[in-house]
Number of protein chains: 2
Amino acid sequence: MAGQVQRQTGVALWRQIADRIRQAISAGAYDETGMVPPETVLALQFGVNRHTVRSAIAALAQEGIVRAVQGRGTLIERKERLNFPITRRTRFTSGIGEQAREMRALLLSHSEEKADADVARGLKIRPGEPVIRMETVRKADGRPVSCATAWFPAARFGGMPDAYKRTESITRAFAELGLSDYVRSTTEITAIHADEADTIALELAPGAILLITKAVNTDLEGVPVQYAISRFAADRVQFTIEN
Amino acid sequence: MAGQVQRQTGVALWRQIADRIRQAISAGAYDETGMVPPETVLALQFGVNRHTVRSAIAALAQEGIVRAVQGRGTLIERKERLNFPITRRTRFTSGIGEQAREMRALLLSHSEEKADADVARGLKIRPGEPVIRMETVRKADGRPVSCATAWFPAARFGGMPDAYKRTESITRAFAELGLSDYVRSTTEITAIHADEADTIALELAPGAILLITKAVNTDLEGVPVQYAISRFAADRVQFTIEN
DNA sequence: TTTAAATGTCTATTGATATAGACAACTATA
DNA sequence: TATAGTTGTCTATATCAATAGACATTTAAA
């Protein structure tokens, strides 16, 4: 842990400390006790006032990561980080496997629109051709994990929103629409700060980090069937690439 | 762009705005003029005072991304984002290709130590076995891109630090030590906030984002030869995975 | 039942962040 | 050479973030 906090950076000390503690928890640093060290210890460790540590812990409690109990200490409530393997056969829902008891995928909105340059490049179609656009949120055990915007060629997958709403799965929706199998062609990964909309949708602390993937899925002939930009809560997930 | 800024989040408005503008620049939003919009326009856009925008621009100028010229406007100095393909044949230096004129790899420090649990798992050796540890920084055209901590089995690659210092390349250093080829086995990607040490080493704005990769390279027989944890400046890079 | 150790609450003070307005200085152009 | 449009500087004020200290309240263990 250690590593001092920085002052006058535009990021409040309590937020920096909250980020550090969240990280330490998910790295298993406090597994022995199942508790965060006492406020006075943390204050000494980070070289700040106890009240500043309290602000940090209050933020983590707000996120549901810890629960402070007067007289006992601050208990760790949640420490998981979901792992997403990125392979040729990347699947969102089944990829989670036993890491969560329940995965839900919710369709927030959908529309038919004309492909812009970015989408057209991903789907290998001409700009202006009709595409289905879907905005989705995926949750693991009720906890939001990612927001995604996905585009499908309208000619082939006009029924996508309906099928997705019913099946809550891209894989199953594709199957209903006659595509029994598909593969991940390319994935592009970046990281940015969450904006307001994603902060709300993902129930994040403001200023949180998003891992962004831009992915293209194709059918077995290599024809693109889906282009998706997904925004993952960085402190809840990791990606693994097996080569 | 748009998307309002958030108040009372522990992240100062000027920092949020700086992050947005940096992102917009790298997305090419201001390519037509090569300039950031006037302060008054940005202030209106973000719904903040002009002075707040000025703080944001001052931070970006500090990073060398923009340069404000009295009477003219705020010129964009730099907007590149390096792309790192992650494949079975991932190479750092040659992977950059023509994206930068000059790549340099600097060895900050090295030591021989005993493998801890994490390193032992990566290198598939027993905890406690001797490993060479190297701390490195890699720069593209003089701009720091990543910090890395790398471990090698000491028995086989004792000469690694020397060879790396001379060749400034893992690939060439391996070659000098008799390993003509190697492949990327696994890569794990996460994102966190930069701590103080990395902020300094990577010349980052405090509160910046790091993309973290944990990677295992093996020889052609599948025996691990390197385990590395790299920390990339998230606003300077992206990863692509081709399947 | 004490006591130590932990979190919870309150008051006060200082420094950083943000707003507001006015005006100076510089640049490019009509 | 004006003038519009831009960045630079200054003062003042309000709010948030951080420190400091004192003491209350709760829990678990001696």
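A, B, ... follow the sequence lines: proteins, then strands. Residue 1 opens every chain.
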*Can any side-chain N or O of A:Glu203 pair as donor or acceptor with the backbone N or O of A:Pro144 at less than 3.5 Å?*
no

Using the 3.5 Å cut-off, write out each protein N or O paired with an N or O of nucleotides 3-5 of chain D and the distance between them.
from	atom 1	to	atom 2	distance (Å)
D:dG5	N2	B:Gly71	O	3.1

*Atom CD of B:Glu112 with >12 non-hydrogen neighbours under 6.0 angstrom*: yes

*asked:* Regarding B:Arg133 and B:Ser111, do their side chains bring together a donor and an acceptor under 3.5 Å, going by distance alone?
replied: no

*Within residues 31-44 of chain B or reaching into it, pairs that qualify as side chain to side chain donor-acceptor pair (under 3.5 Å) - sequence neighbours excluded*: B:Asp31-B:Lys79, B:Glu39-B:Arg50, B:Glu39-B:Arg54

*D:dA18 phosphate, OP1 or OP2: any side-chain N/O from A:Ser55 under 4.0 angstrom?*
no

*Would you kindly give the CG-to-P distance between B:Asn49 and D:dA14, to the nearest whole Å?*
15 Å

*Would you mind telling me which residue lines up with the more 5' stretch of DNA chain C, A:His51 or A:Thr74, judged by nearest nucleotide?*
A:Thr74

*Name the first nucleotide and the last nucleotide along DNA chain C (5' to 3') that come under 4.0 Å of a heavy atom in chain A.*
C:dA6 to C:dT17

*Can A:Leu75 and A:Met35 be said to form a side chain to side chain contact (heavy atoms under 4.5 Å, CB included), step by step?*
CA-CA 4 Å; A:Leu75 286 60; A:Met35 298 175 69; 4.1 Å; yes

*For the pair A:Ile189 and B:Ile86, evaluate side chain to side chain contact (heavy atoms under 4.5 Å, CB included) and give the outcome as yes or no after the intermediate values.*
CA-CA 10 Å; A:Ile189 300 179; B:Ile86 298 182; over 6 Å; no

*Separation of atom CD in B:Glu39 from atom P in D:dT6, rounded to whole Å*: 10 Å

*Using whole Å, report how far CD1 of A:Ile57 lies from C1' of D:dA18.*
16 Å

_A:Gly10 or B:Val69, whichever maps to the more 5' nucleotide of DNA chain C_ = A:Gly10

*Return yes when atom CD of B:Glu129 has more than 12 non-hydrogen atoms of other residues, nucleotides or ligands closer than 6.0 Å, and no otherwise.*
yes

*Could you check B:Leu204 against B:Arg236 for side chain to side chain contact (heavy atoms under 4.5 Å, CB included), going step by step and ending with a plain yes or no?*
CA-CA 10 Å; B:Leu204 286 172; B:Arg236 294 175 197 160; 3.7 Å; yes

